[in-house]
Structure formats: C-alpha cells, structure tokens
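Data first, discussion second: the structure below is written as structure tokens.
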Amino acid sequence: MNGLFGILRFDGQEVDKQLLEKARFSSPNWEPDHQGSYIDDCFGVVTTERYITKQCEHAPMPFHHKESNHIAAGNMFLTDREKLELKLSASPELADIELIMMAYLKWGEKCVDYLSGKFFFVIWNSSEKKLFMAVDQVGNNGGLYAYKAGKYFLFGNTMEPFRYFCGHLTKNFNIFEHFALDTFPPKDETCYHEVKRLKNAHQIKIKNSNLTLKKYWNLKHSKKQYYCKSKEEYYKIFRSLFTKAIKDGLRTNHPILSEMSGGLDSSAVACIAAPLLAEQGKILYAYTAMPLGLNGESQNPGSKYHEMPLVQEILNQHSNFKHFQYFSNPSSDIFELFKSLWPMLDAPIRNVFNIDWCLNAPITSSKNNNTRVTLNGLMGNYTISHYGYSLRSKLSHLKENLKILRNPIKWYETSYFEIKFLYWNKKRKNIIWKAHHNRSRRKELLDLINNNSPLLQNHLDLYSGSENFCPSLDLNILLYCYHSPEWLFHGRRKSLKESTSYIKETRSLIRNSLIGSVPQSVLENTFFGEQAADWYLQYDQHRKPWHQKLNVCLNQHPKFKSLYDIKALEKIYDENIKTSKNNESISSILIQAMSNTFYYNKI
C-alpha cells in the first residue's frame, strides 16, 4: 500500500523539494513502514508505504533500477504472480514493483498485457526523459493526473497534493449533478476540471512534453476462454477460479480480516478463505456490522435488520475464525469523520452511513490485531452473484425502457422516491436515460468497469491502512462471468421451496457452485440484509446542525439552487421531526444532498 505523488516539469525549472515534501501522504491511523523520495532535476516523487506483503520489504519505493536508470513508484497488489514470474524467470521473493519494472524493461508499454490484480504505477526513464503510467484493467487501483502543456505533469492517488501544485482549480459541477441523480459521471472526471482520473485499462506516455493517452484493454472485445458442455463443468471452473482469486488475496505475512454480513458474497469469500488459512495454521479475523437494538424482519419487505444467525452457522463450520461485531456510535457525527477524508477524495461520498463500518471496522481490527488485508464481496452482485435475466425480466426491462423514453423525469421520481426534489433540464433527462435504459447483465458489468470508479475504496484503504481485496473483481472472474451464458445465472433451484418463483431462479451460479463449501442455509436464504439500519439514531442526534449547515451551503453556492428544490428538502425535514426510522426520503434524498453540498463547500 502506497500513497504517492509526483511531478514532471517541462518548463526547465527544478522540482521544489520543500513543496514536494508537503505533498507527502500521511494517515492518522497507521505509521509508515517506509517513506521515500526521488528527485532528478525535472522529475520528483514522494511515497509513503505500508507493507502488505513480505515481498514489499525487498524493494522500498521509489524503486531505482540502477542498471537501466529507471525509477518506479506505484500502489499495487498483483495477482496471478506465478504466471508473471515464470515468463520473467523471476524469483517469488521479488516485490510487485520489481516484477513490474522487469516486465516494462522486457515488453515496454505492452507490459500491462501480462499484469493482473490491482495496480497504478509510474515509471520514469531518467536517461531518455520518458514517462510511462498505467492503471489496471478494472481500475481497482485508481490514479489521478493533471497535465499542462509546456508546464508540468502531475500524478498521484489522492487529491490534496494537486491543490498545492495546480494553483487555481475550477470546480466541475457535472460531478455534483450526477451525484444528485444517483448516477456516475464520465470516469475520467473529478471534482476539478483540471485534474483527471486515469481510467481503467488506460496508459499514459510522455515524451518531449507530449502526452499520449491510450486504452490497452477492453472487456467487450476480450476472448471467451471456457467452452463447457454442462452446468457442472461451468461450476467446476468457477470454483477453481474463485478459490484461486481468494488465495491470491491471502498473500500477506500479516493477519487477515474478512467482512462477513451473512449475505451470499461475503459469506462465500469467508467460507473459502477460512480453510485455506487453516491449512497454514492461521486464523481468519471476521467482523459483522450490526445495528443497535434492531432484530428480525425489517419494515422493508423481504429484508432483515441483520443476518447474524447465518453468520453464526459459518462460524460453527470453521474453528479458525476470530469474530467480532461492529456497532456504530449514535453520538458520533459521520460528517466530522468526513472532514479528514474529504481532502483525499475526488468526489462526494454516496453511501454515507455505510462508510462508518466500511472504514472503522478495518481500522479497529488493524489496531487490535495488525490485520492489513480485508476480504470482501462488495461487487459480487455484478459478477459472481448476479441475478441474471430471464425472458420475463428482459420483457420487464423493455417495458421500463419505454417508460423512460416517454418521460424520464416521471419514471425517475415514481421509481425512486415518489417525491419531486430536483429541478430538471435537458441534460439531466439525458443523464437518466443513458444510465437506466437498455439494461442487461453484460452491460451492467461493462458499466461497472467503465463508469463506476473504485477510487473511493482506494482512499479508504490508504486512510485505514488495510488493503481491501474483492475476489469478485478478479480479472479471471470478470472474464468468466462476462462470457458465460445467461442461463448459468438464472436457473431454478428446487430446494428453495419457501421462496418466490423469482428468487428460485436467480443468483444460481454462486448458489449451485459452492454447495458443500457454504452452509446450505446461506445458499438458500432469500432475505436481504439491511445495511446501516440504525443510521437514524445518528441522524436524530445531529439533524439540527446538519440541517443548518445544509441551508448555509445552499445559500453560499447558488448552483445548487438550480439543482435541488429547496422547498422540497425543507418539507422532507419538517415532516420527519419526530421519527426518521427507515425513512428513505431522509436517507436517500436529504442525507445525500448534505453529502453533496458539504463536500462542495469543503473543497
């Protein structure tokens, strides 16, 4: 894990050492294992590392390959290393950055074709004054950059240093419009026009101060790798790929934490990881985020406040778990926590109250148990546990498409909140149309990769000191899921006798593939677990100051007055003074508006 920032000057000036040092990353939650810097006249980079794997110690960053006079730095956690080591005739003791350097020296810019896992890296050829930068195929580890012709090229993985070096930055309101509409902006955009995200599967080359941006991989054009004659063959391949992906995530000499909600995805990850660690005589720390004072079925049909009974069945299945429950503190102010996060971020935070357990549970475990990797199944719904689309569901989506086409505003307001809280224009109508029409499993997977950036997760990792690892976003898993037939995800399970016909027919890949590895009760569970169900306790304590701050921000920044219907926001607040429990208009409209405007005001 590495927080980094660097600069390449084109104007003949030397790098300002003191200013570059000011850009160095630090976190209040962990002490660095190594801090490094490299300055070579027009090029400079600073790094702050927390060693996740034993190999990291072999090559602290910035890594200087003296024979070729190349310097490299990045934030990476490579997978499928065995294949890469074989192609390079490299020792397994080498650090990820060393393997990347060897790959670049051997294959040049095509080195990315041989890499998989999470990576964002920069390589500087000091002799020829050339720079190469790349991010992984999925965008698991994101990067930011700013380019000003004839002046400079800046790169890093947190936003704050760009404010020191860019001078004047212009806020990009398109980001905030998309946030209000609950859609994702173009993936290369950030909260500032001058700072860009390096999109997934993209690379940058700089020579003679000229920048070239290139896409090196496309899931849509990838080749199908598996041709099976039966479902069981598909299940067997999936089990092998899934186990390998999880095994790659265990490549650390520190204890490991696993998020375990009781849902299909996180349970599947934990159930595969536990026996793999048991073979090494190691324990698996696990946590479940629990709501205060809430049990059983929630008022949302088909949902429960938590799924701790299912978690307990998993714990009973393996003896090497050490489990703890995480409870949020109702008196804490989530937006106070965000104050220390906002300078790092390039966009507002969406799922506000989920950040509490996503961030604080790993921090707690890291401090108490020295865990440095957190396993999760956060993106499983898009890959391994997708519901699939039957003919019936496809016809239903076609019907929805017609509604969106006729009146996107009416469709949005009736489908989501049944309340008018936004002002509409042609641009916002088009955003809704592009985001929601023509849904399919493969299109949703492409949208996840091409539009939804995990850069926020990178920032949470750096802040907490724990590397989040989601096996469902493994490159081999993605390829498998994208090219697999629809019927693999949508097939009837006769054992689900109590459930509806719809539930019987969905998420069949993971339900069928992991029989024997995951408790049957988990595989057959048809309820959904609520996330941060006790959010209202914190809202009830802080709503007055939050509401006051929202009004201040709305008045200070007139652009939001053309986006939000302020009277509608006031009505939501006024009508929910007494109780806000499970009130979606509060959690999904008012709180989101607060997160949007507070972040805009902060930057």
Side-chain angles (χ1 to χ4, degrees), residues 27-29 257-263 266 270 285-300 303-312 322-342 344-345 348-369 371 374-378 456-457 459-461 463-466 468 528-547 549 576 579-595 598-599:
S27 169
N29 297 301
L257 176 69
S258 184
E259 187 265 322
M260 193 159 60
S261 67
S266 64
Y285 291 92
Y287 78 93
T288 304
M290 296 285 289
L292 281 168
L294 297 175
N295 294 287
E297 294 185 30
S298 77
Q299 65 183 43
N300 295 319
S303 298
K304 291 186 177 182
Y305 286 120
H306 63 81
E307 296 177 291
M308 192 58 212
L310 296 177
V311 171
Q312 190 59 55
K322 282 198 174 180
H323 178 265
F324 69 95
Q325 296 179 357
Y326 176 80
F327 293 90
S328 61
N329 183 354
S331 64
S332 64
D333 184 337
I334 192 68
F335 291 113
E336 283 298 313
L337 171 63
F338 287 1
K339 285 182 179 179
S340 57
L341 279 173
W342 277 328
M344 300 172 60
L345 307 184
I349 294 175
R350 291 178 182 269
N351 300 314
V352 171
F353 292 104
N354 281 351
I355 298 300
D356 188 321
W357 57 267
C358 283
L359 191 61
N360 286 323
I363 289 175
T364 300
S365 182
S366 180
K367 289 180 177 179
N368 295 340
N369 309 311
T371 53
T374 302
L375 303 175
N376 63 60
L378 291 177
L456 171 62
Q457 188 60 64
H459 294 148
L460 297 184
D461 292 358
Y463 186 80
S464 68
S466 185
N468 267 271
F528 297 96
E530 297 274 1
Q531 293 184 344
D534 58 352
W535 63 268
Y536 65 93
L537 297 175
Q538 189 174 146
Y539 173 77
D540 285 344
Q541 291 205 29
H542 300 284
R543 59 182 162 194
K544 285 185 179 180
W546 289 354
H547 178 245
K549 186 175 179 180
N576 294 279
T579 176
S580 53
K581 184 178 178 181
N582 291 319
N583 190 315
E584 197 168 340
S585 63
I586 294 287
S587 61
S588 298
I589 298 178
L590 195 60
I591 294 296
Q592 294 299 83
M594 290 174 179
S595 183
F598 293 177
Y599 175 75

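Starting from 1, each residue takes its place in the sequence as its number.
- Here the straight-line distance linking atom NE2 of His306 with atom CD of Gln531 works out to 14.5 Å at 0.5 Å rounding.
- Among all heavy-atom pairs drawn from Ser266 and Gly262, the shortest one is OG-N, 3.9 Å.
- From Glu307, atom CD reaches atom CZ of Phe528 across 9.5 Å, with rounding to the nearest 0.5 Å.
- Taken to the nearest 0.5 Å, the CD atom of Glu530 stands 9.0 Å off from the CG atom of Leu294.
- Between the CZ atom in Phe324 and the CE atom in Met290 there is a gap of 13.0 Å [rounded to 0.5 Å].
- In this structure a side-chain-to-backbone donor-acceptor pair under 3.5 Å is present from Asp534 to Leu292.
- Annotation: side chain of Tyr463 is not in contact with side chain of Leu345 (no heavy-atom distance under 4.5 Å).
- Checking Pro28, Ser466, Ser27, Ser464 one by one against Ile363, the side-chain contact (heavy atoms from CB on, under 4.5 Å) holds for a single residue, Ser464.
- Proximity of Lys367 to Asn29: side-chain heavy atoms (C-beta onward) are separated by under 4.5 Å at one or more points.
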Go through the steps for Phe353 and Ile334 under the test side chain to side chain contact (heavy atoms under 4.5 Å, CB included), then give the verdict. CA-CA 7 Å; Phe353 292 104; Ile334 192 68; 4.1 Å; yes

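- The minimum heavy-atom distance linking Pro362 with Leu257 is given by the pair CA-CD2, 3.8 Å.
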Quick one, Leu590 with Tyr539, criterion side chain to side chain contact (heavy atoms under 4.5 Å, CB included). Give me CA distance, side-chain angles, the key distance, then yes/no. CA-CA 11 Å; Leu590 195 60; Tyr539 173 77; 3.5 Å; yes

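- Ring orientation note: the planes of His542 and Trp546 are close to parallel, at an angle under 30° on the 30°/60° scale.
- Side chains of Tyr326 and Ser365 form no contact here, defined as non-hydrogen atoms less than 4.5 Å apart.
- Ring geometry, Phe598 versus Trp342: the interplanar angle exceeds 60°, so the pair is classed perpendicular (tilted spans 30 to 60°).
- Across every non-hydrogen atom of Ser595 and Ile349, the tightest pair is OG-O, 2.7 Å.
- The side-chain heavy atoms of Val352 and Phe338, taken from C-beta on, include a pair separated by under 4.5 Å.
- Between Trp357 and Tyr287, the angle of the ring planes lies from 30° to 60°, which puts this pair in the tilted group.
- Residues His323 and Val311 have side chains in contact (heavy-atom distance under 4.5 Å, counting atoms from C-beta outward).
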Any chance you could lay out the side chain to side chain contact (heavy atoms under 4.5 Å, CB included) test for Asn369 and Lys322, step after step, and finish with the verdict? CA-CA 10 Å; Asn369 309 311; Lys322 282 198 174 180; over 6 Å; no

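- Nearest approach of Ile589 to Ser585, heavy atoms of both residues: CB-O, 3.1 Å.
- Summarising the geometry of Asp356 relative to Ser332, their closest heavy-atom pair is OD2-OG, 4.3 Å, with the distance given to 0.1 Å.
- For the pair Leu537 and Pro330, the tightest heavy-atom approach, listed with the atom from each and the gap, is CB-CB, 3.9 Å.
- How far CG of Leu378 is from OG of Ser261: 9.5 Å, rounded to the nearest 0.5 Å.
- Looking at Asp461, its side chain does come within 3.5 Å of a backbone N or O of Asn468 through a donor-acceptor pair.
- For the pair Thr364 (side chain) and Asn360 (backbone), a donor-acceptor distance under 3.5 Å is present.
- Taken from NE2 in His459 to CG in Leu341, the straight-line distance is 9.5 Å, to the nearest 0.5 Å.
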